[in-house]
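A short worksheet on the structure shown next.
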Amino acid sequence: MLQTVKPKNARSKRALEAREPKEVEDQRRAIFVHGTKTGEVVDKVMKEMMALKQPHAISFSEKNAIRPFEDASSLEFWAHKNDASMFVIGQSTKKRPAGIIIARMFDSKLLDMCELGIERFMSLSEFKTPKSSPGHKPMLHFASELFDTHPRYMQLKSLLMDLFNGEVIDSICLPGLEHVISVTVAPSDASQTSSALPDDTRHEDPKHLPNVHLRTYTVKLAPSGVRIPRVQLTEMGPFIDFSLRRHQEADQDMLKAAMKKPKLKKQDIEKGLGKKKKNLEVDEMGDLRGRIHVAKQDLGKLQTRKMKGLKGQSSERDEGASTSPDQSEVEDASPRKRQKRG
């Protein structure tokens, strides 16, 4: 248990307030830790991933004897000391060669983590193409239905989004979109696909799960003759193929506390973002849409706008409609008789 520290002066008080929970979280800080044995491939992969995470990345140069799946006390201490919520740990053993562990923290405690094996790797220097500027917010693309259906891939998608996703912003300029990180799942045959389903008992064995491909592309906006520019993608690296290994799911009570949303303001509730109102909903684009139920109306009793100029015409129409058809025929025939007499 970590002891609560009381601020001794105004400076330490501001530092503690900066670490308190916020309605809109800051960008997550990630710590890259090297295990006792890593290897050249693991070192390069962690260096490339840290380049994509800059400037919100901290690297521990010294090697550390750490086993997150057995004891997470070191991670909790580092998370509290450096105000970090993500860890990327590189290790290479005889049983599990060339592996990295992505761990996520909540309130300086381990929430969940996933171990990945490096199957194939190409660094940034091997691609002789333009690179993106460090610190820009990337676009994330996940291309597979398994990221929405399979629990292992859903967890990996959530971890990668928290790792690479930048600061929460309301709007962005198009030239600021310099690179996109694409994550896809390798195509597999029918036997592997059936074993990857969550209802199958074999889905716990990572050997039957398809690999994950991580690619990074630079974005170039070319003129197209219309308002929307033409987008060109050029691969810049890194080029990494991962295989799924061990994982640890989040505790339900801790996950519930981490997913808890703060109370919204009155203006946000009126926009439909808070408590659900009757017949009000917010669509995918963030627009508030309402549904109105109107009973059947009698248009004959509808009150329209009255004008003085139309008052006399309406009374004449009513009088003409009240006269019988016999009287109208007599009135029409009388002037004809007078013309004959004349």
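- Contact of the Asn211 side chain with the Glu119 side chain is registered, since non-hydrogen atoms from C-beta on lie closer than 4.5 Å.
- The minimum heavy-atom distance linking Thr218 with Pro130 is given by the pair CG2-O, 3.2 Å.
- A salt bridge links Asp162 to Arg104: one of the charged nitrogens lies within less than 4.0 Å of a carboxylate oxygen.
- Closest approach of Leu209 to His150, counting heavy atoms only: CD2-NE2, 3.8 Å.
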Stepwise side-chain hydrogen bond (donor to acceptor under 3.5 Å, both in side chains) check, Asn64 with His34: CA-CA 6 Å; Asn64 299 270; His34 295 264; over 6 Å; no

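- Residues forming a side chain to side chain contact (heavy atoms under 4.5 Å, CB included) with Ser85 (at least two apart in sequence, or on another chain): Arg28.
- Counted within 6.0 Å of CZ on Arg67, heavy atoms from surrounding residues, nucleotides or ligands total 12 or fewer; the atom is thus considered open.
- For the pair Arg245 and Ala98, the tightest heavy-atom approach, listed with the atom from each and the gap, is NH2-O, 3.9 Å.
- In this structure, Lys44 places its NZ atom where only 12 or fewer heavy-atom neighbours from other residues, nucleotides or ligands lie under 6.0 Å away.
- In this structure, NE2 on His136 lies 13.5 Å from CD on Gln54, to the nearest 0.5 angstrom.
- Taking the six-membered ring where the residue is Trp, Trp78 and Phe87 present tilted rings, their angle falling between 30° and 60°.
- For the side chain to side chain contact (heavy atoms under 4.5 Å, CB included) test, residues two or more places apart in sequence or in another chain that qualify with Met254 are Phe106, Lys109, Leu111, Asp251.
- With sequence neighbours left out, Thr129 forms a side chain to side chain contact (heavy atoms under 4.5 Å, CB included) with Phe127, Lys131, Thr234, Met236.
- Using a 4.5 Å cut-off on side-chain heavy atoms (C-beta onward), Thr184 and Val212 make no contact.
- The two atoms that bring Val42 and Gly90 nearest to each other are CG1-CA, 3.7 Å, heavy atoms only.
- Annotation: side chain of Asp148 is in contact with side chain of Lys157 (closest heavy-atom distance under 4.5 Å).
- Looking at residues two or more places apart in sequence or on another chain, you find a side chain to side chain contact (heavy atoms under 4.5 Å, CB included) between Ser123 and Glu48, Phe121, Ser125, Glu126.
- Looking at Arg215 and Asp241, their side chains come closer than 4.5 Å, going by heavy atoms from C-beta outward.
- Partners of Glu70 according to the side-chain hydrogen bond (donor to acceptor under 3.5 Å, both in side chains) rule, which considers only residues two or more places apart in sequence or in another chain, do not exist here.
- Ile100 places a side-chain heavy atom less than 4.5 Å from the side chain of Met49.
- Taking CE of Met139 as the start and CD of Glu178 as the end, the distance is 10.0 Å to the nearest 0.5 Å.
- When every heavy atom of Leu124 is checked against every heavy atom of Gly237, the shortest pair comes out as CD2-O, 3.0 Å.
- Looking at Thr36 and Lys63, their side chains never come closer than 4.5 Å, going by heavy atoms from C-beta outward.
- To the nearest 0.5 Å, atoms NE2 (His247) and CD (Gln155) are separated by 5.5 Å.
- The CZ atom of Arg29 lies 7.5 Å from the CG atom of Asn82; values are rounded to the nearest 0.5 Å.
- Lys137 meets the salt bridge (charged side-chain N to carboxylate O under 4.0 Å, His left out) test with no other residue; sequence neighbours excluded.
- Between Val231 and Val219 the shortest side-chain heavy-atom distance falls below 4.5 Å.
- Within the 4.5 Å cutoff, side-chain heavy atoms of Leu116 are placed close to those of Leu244.
- The minimum heavy-atom distance linking Pro210 with Tyr153 is given by the pair O-OH, 2.6 Å.
- At least one donor-acceptor pair under 3.5 Å links the side chain of Ser144 to the backbone N or O of Leu146.
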